[in-house]
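In what follows, a single structure is set out as structure tokens and then discussed.
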2 protein chains.
Amino acid sequence: MTTEEKIFQAAQKIFEKKGYAGARMQEIANEAGINKAMLHYFFRSKEQLFEAVFLNAFYKIAPKMNIIFMSEMSLFDKIRSFTDEYISFIVHNQYLPAFIIQEMNNNPDFVQKVLQNENAPKPTVLFKQIETEIAQGIIKPINPKQLLLNIFSMTVFPFAAPMLVKGLLQISQEEFNTLMHERKTLIAEQIINAIKNE
Amino acid sequence: MTTEEKIFQAAQKIFEKKGYAGARMQEIANEAGINKAMLHYFFRSKEQLFEAVFLNAFYKIAPKMNIIFMSEMSLFDKIRSFTDEYISFIVHNQYLPAFIIQEMNNNPDFVQKVLQNENAPKPTVLFKQIETEIAQGIIKPINPKQLLLNIFSMTVFPFAAPMLVKGLLQISQEEFNTLMHERKTLIAEQIINAIKNE
DNA sequence: ATATTTGCTAACCAAATGGTTAAACTAAAA
DNA sequence: TTTTAGTTTAACCATTTGGTTAGCAAATAT
């Protein structure tokens with residue numbers, strides 16, 4: 001592993017745990033086992049190092065979102081495969097959603113920068129599909145944005161607020177993981193149950 | 001307004017916007033229009049000032065949660081009144097959920113401290129009620145923890161990740177507010193639709 | 001073989017940051 | 001009127017923090 005990779009991985013770990021404001025360049029250097037000057041040698045500044053880490057994190061998740069936005073499946077199958085694949089992925093990267101959400105909240109300017117990229121998921125196609133399926137009588141009438149927001153909320157929230165969820169439900173990390181595994185199919189069931197006709 | 005109140009309100013504003021790590025004592029003093037030494041005169045340290053603000057925030061929201069945990073209503077009515085009252089309250093305190101969630105994530109020790117207080121919401125009664133209504137055939141079988149998590153996710157998530165939501169749905173703050181207003185009744189409808197028998 | 005670039009470190013620096021102090025001001029109690 | 005207690009400020013302090021510099025050693029190019 002090159003020094004640059006060591007730095008990047010250390011930065012990932014520290015930024016994800018502490019956020020931009022809470023992270024310290026010295027701590028990242030220690031984690032990487034190298035001299036602090038190397039951080040600036042390879043990445044110029046804390047901001048640029050952070051941006052590299054943040055964009056990498058965001059574009060790790062974005063493709064998973066495109067399952068629901070871009071594929072050719074029926075709405076029900078989109079919901080099923082999105083929840084399943086998203087949760088399967090996030091279980092192995094539990095830190096990502098909270099990190100991304102926190103930094104988007106604290107850095108509103110950043111949001112547009114990220115979402116104007118070509119990789120950024122675009123919901124218009126999905127919205128049209130929902131309207132079509134409503135018109136066909138497959139699902140009950142609902143504002144497409146609300147439906148997408150429901151799917152998203154149920155899928156992402158536990159990973160956005162893991163500490164709150166574990167505290168409120170009074171469960172351990174193990175039970176949390178079990179629940180998340182269950183949710184891979186449960187969320188789709190619940191939503192489809194709520195919107196399907198008959 | 002006393003100086004202590006000025007400090008507290010300024011601290012609320014700054015901590016909520018920037019988080020503990022991103023907030024600066026000087027900025028809080030400027031916001032309050034007083035000398036920085038006064039912060040330490042009234043609150044001793046940044047940590048203690050933060051703790052006062054955080055606990056205040058948490059115990060503003062906690063009572064709204066007890067609607068669903070502690071009242072005597074039927075499950076459906078609990079869901080209806082929780083989503084309605086929670087969203088109504090949060091619309092006027094949009095910063096609160098993201099702030100609480102962020103600091104609970106960054107400060108895992110803090111979580112237990114907060115949730116061991118007597119005000120802290122306890123879910124056991126609700127879980128039993130759900131199991132009873134399942135046994136009575138009112139609702140379909142579901143893990144009570146999953147049901148609570150669904151209610152919670154749909155209600156809280158948009159306020160936990162407002163920037164991400166606005167970005168992904170490509171909506172303005174105004175449209176966001178409209179959607180949230182709609183959700184006061186929509187969430188309950190969707191969930192009840194998903195779990196009710198017949 | 002020599003010059004040059006690249007990777008790396010120790011030491012250093014200026015600014016920022018949380019916190020302290022001593023003195024001054026204010027208002028109420030004695 | 002004098003004490004006394006609480007409030008406020010300006011100046012100061014020690015530490016932390018992001019960032020820089022000068023130099024060294026190994027690789028690369030000439």
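Proteins come first, then strands; the chains are lettered A, B, ... in the order of their sequence lines, and each starts at number 1.
Projected onto DNA chain C by closest heavy-atom contact, A:Ala37 and A:Tyr41 fall at different nucleotides, the more 5' of which corresponds to A:Tyr41. A residue-by-residue look at B:Thr3 and B:Lys36 shows that B:Thr3 has its nearest nucleotide of DNA chain D further toward the 5' end.
Protein atom CZ of B:Phe43 is 16 Å distant from nucleotide atom P of C:dT20, rounded to whole Å. Distance CG (A:Leu39) to P (D:dT17): 14 Å, rounded to an integer number of Å. Atoms CZ (A:Phe15) and P (D:dG18) sit 9 Å apart, rounded to a whole Å. In this structure, A:Glu47 atom CD and D:dT17 atom C1' are separated by 15 Å, rounded to whole Å. In this structure, A:Met38 places its CE atom 4 Å from P of C:dC8, rounding to the nearest Å. Rounding to whole angstrom units, CG of residue B:Asn30 and P of C:dG18 are separated by 12 Å. Here the C1' atom of nucleotide D:dG18 and the CD atom of A:Gln48 are 14 Å apart, to the nearest Å. The NZ atom of B:Lys46 sits 8 Å away from the P atom of C:dG19 (whole-angstrom rounding).
Between B:Arg24 and C:dG18, a side-chain N or O to OP1/OP2 separation shorter than 4.0 Å is present.
Using a 4.0 Å heavy-atom distance criterion, B:Ala29 is classed as making no nucleic acid contact. If you check every strand for non-hydrogen atoms under 4.0 Å, A:Met25 touches sugar and phosphate atoms only.
The ring pair (Phe, Tyr, Trp, His ring centres under 6.0 Å) test applied to A:Phe157 returns no partner, not counting sequence neighbours.
Between A:Lys18 and A:Glu27 there is a salt bridge, with a side-chain nitrogen of the basic residue lying less than 4.0 Å from a carboxylate oxygen of the acidic one. For A:Arg80 and A:Glu189, the salt-bridge test fails: no basic side-chain N is under 4.0 Å from an acidic carboxylate O. Using a 4.0 Å cut-off between charged side-chain N and carboxylate O, A:Glu51 and A:Lys113 make a salt bridge.
Checked by atom type, the side-chain pair B:Asp84/B:Tyr86 shows no donor-acceptor distance below 3.5 Å.
Among the nucleotides D:dT8, C:dA10, D:dG19, the one closest to the side chain of A:Ser45 is D:dG19.
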